Q: 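Right, I'll just put the structure down here and ask away after.
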Amino acid sequence: MASLLFYALSAIAVLCALGVVISRNPMQSVLNLLGSFVAVAAIYLLAGFQFLAAAQILVYAGAIMVLFIFVVMLLNLTDREESQSVWMGLFNGRILGSLAVFAGLTVSGLIAANGNFAPVDTISHDGNLDNMTLLAEVLFSKYMLPFEAASLLLLATLVGVMLLAKRERNGERHGAQLSSQDGGSEA
Amino acid sequence: MIASIMIQEAAQATTELQAQFNDVFSGGAAAALMPFTALAVGALLMLLVDIIKGGAKLRPVVVIASLLTSAFCAWNQIGEPASAVLGGTYLVSSATAAFSLIFAIGALFAWVYGIGYYEGKLQEFRGEHDMLMLSATAGMILMVGAGDLLVFFIGLEILSLPLYSLAAFRRARHDSIEAGLKYFLLGAFAAAFFLFGAALIYTATGTVNLAELASLYQGEVAQSPIALIGGALLMAGIFFKVSVFPFHLWVPDVYQGSPTPITTLMATGTKAAAFGFLIPASFLLPPAATGIIAAIALLTMAAGNLGALVQTNVKRMLAYSGIAHAGTVMLVMAVILASGGDSDVRDESMNATLFYMAAYLFTSTGAFGLLAMLEREGEHMLTLNGLRGLARRRPAVAGAMTLFMLSLGGIPATGGFMGKLYVFMLLVKQDMIAVAILGALLSVIALGYYLRIIVTMWMEPLGEGEEAKLAPVTLPASIVTGLCVAGVLVMGLMPGWLLGLLG
Amino acid sequence: MNVPTEHLLILAGILFSLGALGFLLRSNLIVILASVELMLNAANLTFLAGARSHSSVGPLNLDGPIFALFVILVAACEAALGLALVIAFYRQKQSVDIEAAAELKG
């Protein structure tokens with residue numbers, strides 16, 4: 001039963017991922033992405049990763065998706081056409097070539113792989129593979145360094161985003177003055 | 001009753017945790033991490049200083065103090081025996097310390113060239129700029145010291161994310177935003193490859209610790225297709241970062257569009273950090289990949305040198321030259337793979353890479369720094385036309401530039417020559433003579449465009465109405481240029497002294 | 001759930017390839033960013049597949065879940081920075097098309 005559910009969820013995840021790639025409308029792409037994330041979160045839950053399923057929903061579906069949708073709506077992109085449609089792109093030999101090589105590489109490689117994995121029907125641990133207590137213990141002992149370093153990453157990202165997205169304080173005049181000073185590389 | 005049992009259990013858990021903590025934090029973890037910590041603290045202080053009224057004057061103090069502290073701590077670590085701290089997640093050895101030293105010095109030089117470069121413009125965001133620069137340098141240190149893939153990945157992101165926004169720092173300009181965007185897309189794509197590769201390796205082995213992986217890869221794990229594909233994808237992700245063929249396409253765009261001091265940091269630091277990880281992690285590729293890696297390295301040299309030949313913008317030309325130099329260092333990877341992962345060859349290769357990157361640091365920083373100085377006169381100074389007759393207008397600048405070009409081209413008595421010689425000697429030792437000859441031929445092609453710059457500066461007359469005097473060179477910039485010149489010469493004339501330091 | 005590890009890996013491979021496809025084929029920056037998120041998600045799925053397989057005998061192997069946790073964090077950072085760059089780009093070009101990024105050539 002659970003296995004059937006897994007295959008159903010996989011189908012949803014793949015179809016939604018396909019939707020991300022072929023939707024003409026960015027908003028549809030983003031909503032498809034949300035569908036894919038939720039399906040994958042459900043797979044995590046089935047596989048016994050309860051904490052990560054929750055984190056996936058909270059961070060991906062909760063934070064990242066809101067950010068995407070916010071930007072799509074802020075820029076009012078829904079009715080814009082792309083300069084080149086997906087299907088035109090497929091005729092572009094360069095793209096098609098690079099794509100074929102490496103999509104083939106990944107998928108066929110994985111299918112052909114005989115990893116001698118341990119049989120999974122013996123999994124015990126009460127079906128909870130990311131016990132939060134144990135996770136915290138490892139995170140705060142062995143993985144202390146990346147954990148602390150991640151705070152620097154978040155801070156630097158915060159500063160970088162602010163630097164990029166903040167409007168000029170003295171309005172456009174400042175910007176115009178800058179670009180004239182810097183010389184004429186603007187078209 | 002239940003409560004007392006719970007308390008007992010909690011106490012027991014606490015003791016266990018305490019024991020684990022002691023286990024992890026023994027062995028001088030704090031001392032080992034000092035080069036990183038100094039920069040992280042500097043980045044935090046920078047944000048604090050920025051909100052204090054009149055604190056802007058303290059900014060240079062914070063930058064210089066944290067970079068020098070970091071460099072000093074790294075210097076002290078050179079020569080100490082290699083050890084792993086924090087449960088094996090961070091390694092410290094002579095090589096990682098030397099790399100950390102390179103990063104701190106490189107960032108300091110780039111920052112000093114930035115003083116004149118940003119003068120009068122973009123001052124509003126200088127605090128953020130410096131904070132991001134310190135973070136990026138801290139990320140580099142984490143990358144070379146990484147004892148497992150997770151730490152490397154976090155270091156990579158601490159390096160990359162600040163650099164994406166720094167590339168777009170001149171945000172009123174279209175080319176700067178475009179450079180940031182392209183760098184970001186390239187980097188995000190590369191990070192995804194790296195992660196998928198790391199995940200496959202983890203699936204095959206059950207660990208992300210490099211030491212454990214290295215011993216597992218001695219066995220039959222190395223033959224499993226999942227581990228092979230994982231290794232290939234992970235390496236592809238890092239190859240994006242070092243801009244080797246065929247992942248070099250957007251690199252000249254990014255280098256050209258970024259502010260010149262940031263280009264300096266990208267060209268020297270990012271590459272050195274990625275190579276500092278690639279060499280010890282080379283066991284992830286099978287020895288059978290030697291031919292592929294050697295071919296990639298030679299194609300990279302060809303793509304870089306041929307691309308540079310047709311450029312008229314000197315900044316872009318140096319970007320292509322950087323691609324070619326990355327190709328030369330890639331040859332070292334081929335040497336390690338050819339030796340079957342022999343640890344003596346790997347140590348030797350690590351020294352060669354270090355030497356090459358240190359020489360490239362002085363040369364490239366000096367060249368880009370001089371361009372940053374010239375760029376203040378206007379963007380036309382970045383083209384070959386703008387450099388015409390520079391020797392008559394500024395003999396000292398032209399002289400230093402000539403030395404850097406000679407070093408990039410690998411003329412004897414410069415650091416660049418010794419670096420190349422070291423790499424080619426390793427190739428010959430491994431009986432890869434054909435590769436060495438091809439590499440040397442490609443290096444000769446490169447002389448074409450380096451000499452063109454020199455000839456333009458010394459032989460060609462000034463254009464009409466270009467007799468106007470150039471702005472005086474600022475004192476900090478001339479000191480740093482002098483240090484770069486000294487570095488290039490010392491590495492070229494007394495290479496043994498530096499190598500002796502590393503043991 | 002009794003699904004063999006290989007099937008989880010195949011699902012991850014398909015998702016990763018689809019993400020890469022979107023990245024290479026589409027010219028809308030928002031969709032390109034969404035494709036990158038798809039690729040990172042596929043990497044996470046692989047980490048958990050590995051963790052599940054290595055936890056089936058012996059103690060829990062927590063390296064995978066922890067790596068996945070950090071990937072989620074980095075994905076959030078990359079999305080934020082990427083979207084900020086897209087906004088800055090849009091302000092200048094009134095477009096989110098990668099083809100509009102054509103200032104730098106040579």
Side-chain angles (χ1 to χ4, degrees), chain A residues 2-3 6 10 13-14 17-18 20-21 26 29-30 33 36-37 40 44 46-47 49 52 55-56 59 63-64 67 71-72 75 77 82-84 86 89 95 98-99 103 106-107 110-111 117-118 120-123 125 129-131 134-135 138-139 143 146 150 153-154 157 160-161 164-165 187, chain C residues 1-6 8-22 24-28 30-31 33-35 37-38 41 45 48 51-57 60 62 65-66 68-70 72-77 79-81 83-88 90 96-97 99 103:
Chain A
S3 300
F6 165 77
S10 305
V14 169
L18 200 64
V20 174
V21 178
S29 271
V30 172
L33 187 62
S36 186
F37 284 162
V40 171
Y44 290 174
L46 271 184
F49 298 99
L52 273 153
Q56 166 97 355
V59 180
I64 299 181
L67 210 57
V71 170
V72 171
L75 305 184
L77 298 171
E82 262 183 63
S83 67
Q84 194 187 27
V86 176
I95 295 178
S98 61
L99 193 85
T106 357
V107 179
L110 288 176
I111 293 172
F117 295 110
V120 286
D121 47 0
T122 57
I123 294 176
H125 306 296
L129 298 181
D130 61 352
N131 186 309
L134 295 176
L135 204 66
V138 179
L139 196 60
Y143 288 113
L153 174 64
L154 284 169
T157 309
V161 168
L164 290 171
Chain C
M1 188 176 87
N2 222 343
V3 179
T5 306
E6 283 87 345
L8 278 166
L9 288 185
I10 291 170
L11 173 63
I14 293 172
L15 288 179
F16 187 82
S17 302
L18 280 173
L21 214 128
L24 292 168
L25 284 185
R26 294 297 300 261
S27 61
N28 185 313
I30 303 272
V31 181
L33 283 181
S35 303
E37 296 296 326
L38 215 50
N41 208 31
L45 192 58
L48 295 190
R52 180 163 162 273
S53 143
H54 288 289
S55 295
S56 61
V57 276
L60 278 181
L62 287 168
I66 285 192
L69 206 57
F70 279 98
I72 292 179
L73 173 129
V74 167
C77 288
L81 197 71
L83 288 169
L85 275 164
V86 169
I87 291 179
Y90 182 83
V96 290
D97 202 309
E99 306 289 326
E103 301 270 334

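Note: hydrogens, waters and symmetry copies are ignored here, and every other heavy atom, side chains too, is used. Being a predicted model, the structure only gives us computed values, none of them experimental. Reminder, nothing fancy here: chain letters follow the sequence lines and each chain counts from 1.
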Q: With a 4.5 angstrom heavy-atom cut-off, could you sort out which part of C:L45 is near chain A: side chain, backbone, both or neither?
A: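 Both the backbone and the side chain of C:L45 come within 4.5 Å of chain A.
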Q: Determine whether a donor-acceptor pair (N or O, by modelled atom type, separation under 3.5 Å) exists between the side chain of C:Y90 and the backbone of A:L75.
A: yes
Q: Would you mind checking which part of C:I30 comes under 4.5 Å of any heavy atom in chain A, side chain (CB onward), backbone (N, CA, C, O), both or neither?
A: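 Looking at C:I30, backbone and side chain both touch chain A.
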Q: For A:V59, what residues pass the side-chain contact (heavy atoms from CB on, under 4.5 Å) criterion, not counting sequence neighbours?
A: A:I64, C:I72, C:A76
Q: Please round to the nearest 0.5 Å and tell me the distance separating atom CZ of A:F6 and atom CG of C:L11.
A: 5.5 Å
Q: Can you confirm whether A:V71 sits close enough to C:L33 that some side-chain heavy atom of one is under 4.5 Å from a side-chain heavy atom of the other?
A: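 Side-chain contact under 4.5 Å: no.
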Q: Is A:A63 close to chain C through its backbone or its side chain, or both, or neither, when contacts mean heavy atoms under 4.5 Å?
A: neither
Q: Please name the pair of heavy atoms, one in C:A51 and one in A:F49, separated by the smallest distance, quoted to 0.1 Å.
A: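 That would be CB-CZ, 4.0 Å.
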Q: Measure across A:P26 and C:V31 and return the closest heavy-atom pair with its distance rounded to 0.1 Å.
A: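 Scanning both residues completely, I find the closest heavy atoms to be CA-CG2, 4.4 Å.
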Q: What part of A:L33 gets within 4.5 angstrom of chain C, counting heavy atoms only: side chain, backbone, both, or neither?
A: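 A:L33 touches chain C through side-chain heavy atoms alone.
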Q: Report which part of A:S29 has an atom under 4.5 Å of a heavy atom belonging to chain C: side chain, backbone, both, or neither.
A: side chain
Q: Supply the atom-to-atom distance C:L21 CG to A:L18 CG, rounded to the nearest 0.5 angstrom.
A: 8.5 Å
Q: What part of C:L15 lies closer than 4.5 angstrom to a heavy atom of chain A: side chain, backbone, both or neither?
A: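 The side chain, not the backbone.
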Q: Over all heavy atoms of both residues, which pair between C:A84 and A:V161 is shortest? Give the atoms and the distance, please.
A: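 Of all heavy-atom pairs spanning C:A84 and A:V161, the closest is CB-CG1, 3.9 Å.
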Q: Over all heavy atoms of both residues, which pair between C:E37 and A:F37 is shortest? Give the atoms and the distance, please.
A: CB-CZ, 3.8 Å
Q: Look at C:L62, C:I66, C:I87, C:L48 and state which one has the largest set of heavy-atom pairs under 4.5 Å with chain A.
A: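 Heavy-atom pairs under 4.5 Å are most numerous for C:L48.
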Q: If you tally heavy-atom pairs under 4.5 Å against chain A, which of C:A88, C:C77, C:A79 wins?
A: C:C77
Q: As an exercise, state the distance from CG of A:L134 to CG of C:L60, rounded to the nearest 0.5 Å.
A: 6.0 Å
Q: Any side-chain heavy atom of C:L18 within less than 4.5 Å of one from A:V20?
A: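 No - every pair of side-chain heavy atoms lies 4.5 Å or more apart.
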Q: So how far is it from A:T157 OG1 to C:L81 CG, rounded to the nearest 0.5 Å?
A: 6.5 Å
Q: So which part of A:V40 gets closer than 4.5 Å to some heavy atom of chain C, the side chain, the backbone, both or neither?
A: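 Only the side chain of A:V40 comes within 4.5 Å of chain C.
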Q: Output, in order, the C-alpha distance, side-chain angles, deciding distance and verdict of side-chain contact (heavy atoms from CB on, under 4.5 Å) for C:L73 and A:L153.
A: CA-CA 9 Å; C:L73 173 129; A:L153 174 64; 3.8 Å; yes
Q: Among C:V74, C:L38, C:L85, single out the residue with the greatest number of heavy-atom pairs under 4.5 Å to chain A.
A: C:L38
Q: Can you tell which part of A:V14 gets under 4.5 Å to a heavy atom of chain C, answering side chain, backbone, both or neither?
A: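 Its backbone and side chain both get close to chain C.
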